[in-house]
Amino acid sequence: WYSNEFNETWGRTGGQGCQEPMSDKEAYTNHVRILESTDARVVVHWRYPLKDVLHVYANWNEESGWADWSDWTFTIYPDGVAAKRMRLWTDGPRNHEWHEAMAILGPNQHPETVIETEPALILADLEGNADTYSWKDGPPQGVDYRDKKIHVVNYRSSLDPFTIGDFTGGDVYGGEVTDYAVFPSWNHWPVAQVPSDGRYSRFPDRTAHSSLTHVSLPDHAASLGERPYQEKLLLEGLSDATPAELAVLARSWLRAPELTGLAGGRGGHYQPAERAYVLAAGSAQLTFRIEASRARPILNPCFVVLDWGGDHPATVEVDGEEREAGPDLRQGVVRDPAGLHKLVVWMRLEASETTELRIVGARPTLAGGDLGPLQWERLPALVESGSTAAMAVRALPSRLGATYRFERVGSGAGGGTWSEATEHVEVGLAPETTYQFRVQARDRYFLETEWLEAPPLRTPAAPPPLV
């Protein structure tokens, strides 16, 4: 067993020690459910609060009754790779832990009978260049995470747990080592029913874990508004692949090739949170290209077609040749939150050149979206001495979901990105310059509203220099 841990914080709002799901010894509040289960993939949702062993919730808000809660989604594919979206709802300090490499040990397992010590850790870049680190004499010093995007723990087995991410740094768990093992080890797992968050292992007599590292990750999405959250992503699994082979997987996810030339549908954007290209059907067949290259390869892609129009399978062609259903082409149809059919296609395919695909059999039902006209909640206004503009749009009710993008128009305009946020702040405005902003909404089926424009703004002159 292996785990990349969970969200964790410490000593918030009266809590003592670790506030994490492991502290829920009675499993009062941890909740796991299966969102999808087809031949193409399985999607599992894990929801938990961050609380200590005395059930004190981190960052408890007395007015709202909410505290720190995590929603983690694992999208697991037939090649044994899982995309993990980690969302943490919090209005407290953003100092949480998002990753800890942990070997999970059963009774009668010692850390050094599960983890190799020479080497114990392999870090590799996107070209497969790897550094190895030994734990023979204990946790090593000077572990270098620069340019590394692949993390492998070397097990004494045919398969090793790997983790891929856009790492911005990392460290080694170098403290709390006892004479029991060269790896730190604890056995306070809920199965032991011990009200502790840090009980050291002395014997291999019960479920335990040993920790090796932490990695740092950038935000994939975040909000500081009325629904404050952070979201980060990882790709993980078990494999016997070499660092060079894992580098192909890493490039296919971190640098996914673009989907172009889409006909018969909308969207086509790559969603790393589910390791899939997401489209919406607009006609019976969808055709498109994936602009793959060595730097941006295809490796075992997934295509999600929204508004498929029934529970029937698709006919799938790759470069003009029909693919037969089987272990290398798997399909599933599920209902989405709006009750519409969603087709999921996964295929075993590796390519480093442009590849053409055709998906046939859609029966789309949506003629148009249900998003009403946009209205400003707060018109763009200057703040921070005129160098920043803040604005907000009124949220649209929709059974089809809604995301928004804000954009600066006119000279020097930049494209906006889609997000759930209805508020936007534009920084770095130049003095004595006229700006204009606009906003647009889109549902999850890529049906868009008209742009809503705001009146122009003129920034003031720069303040005189201080003498």
Side-chain angles (χ1 to χ4, degrees), residues 34-43 75-81 83 248-249 252-253 256-293 296-369 400 443-447:
I34 298 173
L35 302 182
E36 293 181 25
S37 182
T38 70
D39 285 346
R41 69 183 188 183
V42 173
V43 181
T75 304
I76 307 163
Y77 288 99
D79 57 0
V81 178
V248 178
L249 173 62
S252 76
W253 184 63
E258 187 179 1
L259 186 152
T260 64
L262 175 61
R266 302 177 300 277
H269 307 287
Y270 187 76
Q271 301 292 342
E274 54 181 308
R275 193 189 168 207
Y277 294 90
V278 180
L279 312 92
S283 65
Q285 69 175 20
L286 297 91
T287 60
F288 52 89
R289 297 184 299 276
I290 304 295
E291 304 289 348
S293 64
R296 304 179 68 182
I298 300 169
L299 184 62
N300 301 345
C302 175
F303 302 95
V304 175
V305 183
L306 305 173
D307 193 23
W308 179 246
D311 58 3
H312 56 285
T315 300
V316 179
E317 296 179 7
V318 178
D319 288 333
E321 294 187 6
E322 184 175 338
R323 285 288 188 98
E324 293 186 3
D328 294 339
L329 176 66
R330 301 180 182 227
Q331 301 187 43
V333 177
V334 298
R335 295 272 188 175
D336 68 16
L340 302 182
H341 288 98
K342 176 174 75 174
L343 172 74
V344 181
V345 177
W346 176 88
M347 65 180 70
R348 196 174 297 278
L349 172 67
E350 183 173 353
S352 56
E353 58 189 15
T354 299
T355 303
E356 297 185 356
L357 293 102
R358 185 188 307 268
I359 300 176
V360 182
R363 302 168 190 164
T365 62
L366 291 175
L400 306 180
D443 65 26
R444 69 170 61 92
Y445 303 92
F446 308 104
L447 294 166

Mind listing the closest non-hydrogen atom pair of [X] and [Y] along with its distance?
{"X": "Pro257", "Y": "Ala292", "answer": "CB-CA, 3.8 Å"}
{"X": "Leu349", "Y": "Pro301", "answer": "O-CD, 3.8 Å"}
{"X": "Gly282", "Y": "Pro364", "answer": "C-CG, 3.7 Å"}
{"X": "Val304", "Y": "Ala276", "answer": "CG2-CB, 4.0 Å"}
{"X": "Thr75", "Y": "Ala273", "answer": "OG1-O, 4.3 Å"}
{"X": "Ala338", "Y": "Leu400", "answer": "CB-CD2, 3.8 Å"}

Criterion side-chain contact (heavy atoms from CB on, under 4.5 Å) against Val316, the qualifying member of Glu322, Glu324, Met347 =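 Of the listed options, the one satisfying the test is Met347.
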
Looking at Glu274 and Arg41, does any basic side-chain N land under 4.0 Å from a carboxylate oxygen?
->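 Answer for the salt bridge query: yes.
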
Does a side-chain N-to-carboxylate-O contact under 4.0 Å join Lys342 and Glu36?
->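 Judged by the 4.0 Å cut-off on N to carboxylate O distance, Lys342 and Glu36 do form a salt bridge.
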
Check whether more than 12 heavy atoms from other residues, nucleotides or ligands sit under 6.0 Å from atom CD of Glu291, and answer yes or no.
->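 Counting other residues, nucleotides and ligands, CD of Glu291 exceeds 12 neighbours.
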
With sequence neighbours excluded, residues passing side-chain hydrogen bond (donor to acceptor under 3.5 Å, both in side chains) with Asp79 |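 side-chain hydrogen bond (donor to acceptor under 3.5 Å, both in side chains) check on Asp79 returns Arg275, Asn300.
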
Only counting residues at least two apart or in another chain, list the ones meeting side-chain hydrogen bond (donor to acceptor under 3.5 Å, both in side chains) with Asp443.
->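 For Asp443, no residue satisfies side-chain hydrogen bond (donor to acceptor under 3.5 Å, both in side chains) once neighbours in sequence are set aside.
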
Report the C-alpha separation of Glu258 and Tyr270 in whole Å, then their side-chain angles, then the decisive distance to 0.1 Å, and conclude whether the side chain to side chain contact (heavy atoms under 4.5 Å, CB included) test is met.
-> CA-CA 8 Å; Glu258 187 179 1; Tyr270 187 76; over 6 Å; no

Has the side chain of [X] got a donor or acceptor atom that lies under 3.5 Å from a matching backbone atom of [Y]?
{"X": "Trp253", "Y": "Pro272", "result": "yes"}
{"X": "Arg330", "Y": "Pro327", "result": "yes"}
{"X": "Arg296", "Y": "Ala256", "result": "yes"}
{"X": "Asp307", "Y": "Ala280", "result": "no"}

Val344/Asp39 under side chain to side chain contact (heavy atoms under 4.5 Å, CB included): CA gap, chis, key distance, verdict = CA-CA 9 Å; Val344 181; Asp39 285 346; over 6 Å; no

[atom1]-[atom2] distance between [X] and [Y], expressed to the nearest 0.5 angstrom:
{"X": "His312", "Y": "Leu343", "atom1": "NE2", "atom2": "CG", "value": "8.0 Å"}
{"X": "Thr365", "Y": "Tyr445", "atom1": "OG1", "atom2": "OH", "value": "8.0 Å"}
{"X": "Thr355", "Y": "Leu357", "atom1": "OG1", "atom2": "CG", "value": "6.5 Å"}
{"X": "Arg266", "Y": "Leu286", "atom1": "CZ", "atom2": "CG", "value": "9.5 Å"}
{"X": "Arg358", "Y": "Arg323", "atom1": "CZ", "atom2": "CZ", "value": "15.0 Å"}
{"X": "Ile290", "Y": "Thr354", "atom1": "CD1", "atom2": "OG1", "value": "9.5 Å"}

pair [X]-[Y]: side-chain heavy atoms closer than 4.5 Å:
{"X": "Ser293", "Y": "Ser352", "answer": "no"}
{"X": "Leu306", "Y": "Trp308", "answer": "no"}
{"X": "Val333", "Y": "Thr38", "answer": "no"}

Check ring-ring contact (aromatic ring centres under 6.0 Å, His included) between Phe303 and all other residues, then give those that pass, not counting sequence neighbours.
->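 Partners of Phe303 under the ring-ring contact (aromatic ring centres under 6.0 Å, His included) test: Tyr277, Phe288.
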
Which is it for Leu259 and Leu279 under the side chain to side chain contact (heavy atoms under 4.5 Å, CB included) test, yes or no, and what are the steps along the way?
-> CA-CA 10 Å; Leu259 186 152; Leu279 312 92; 4.1 Å; yes

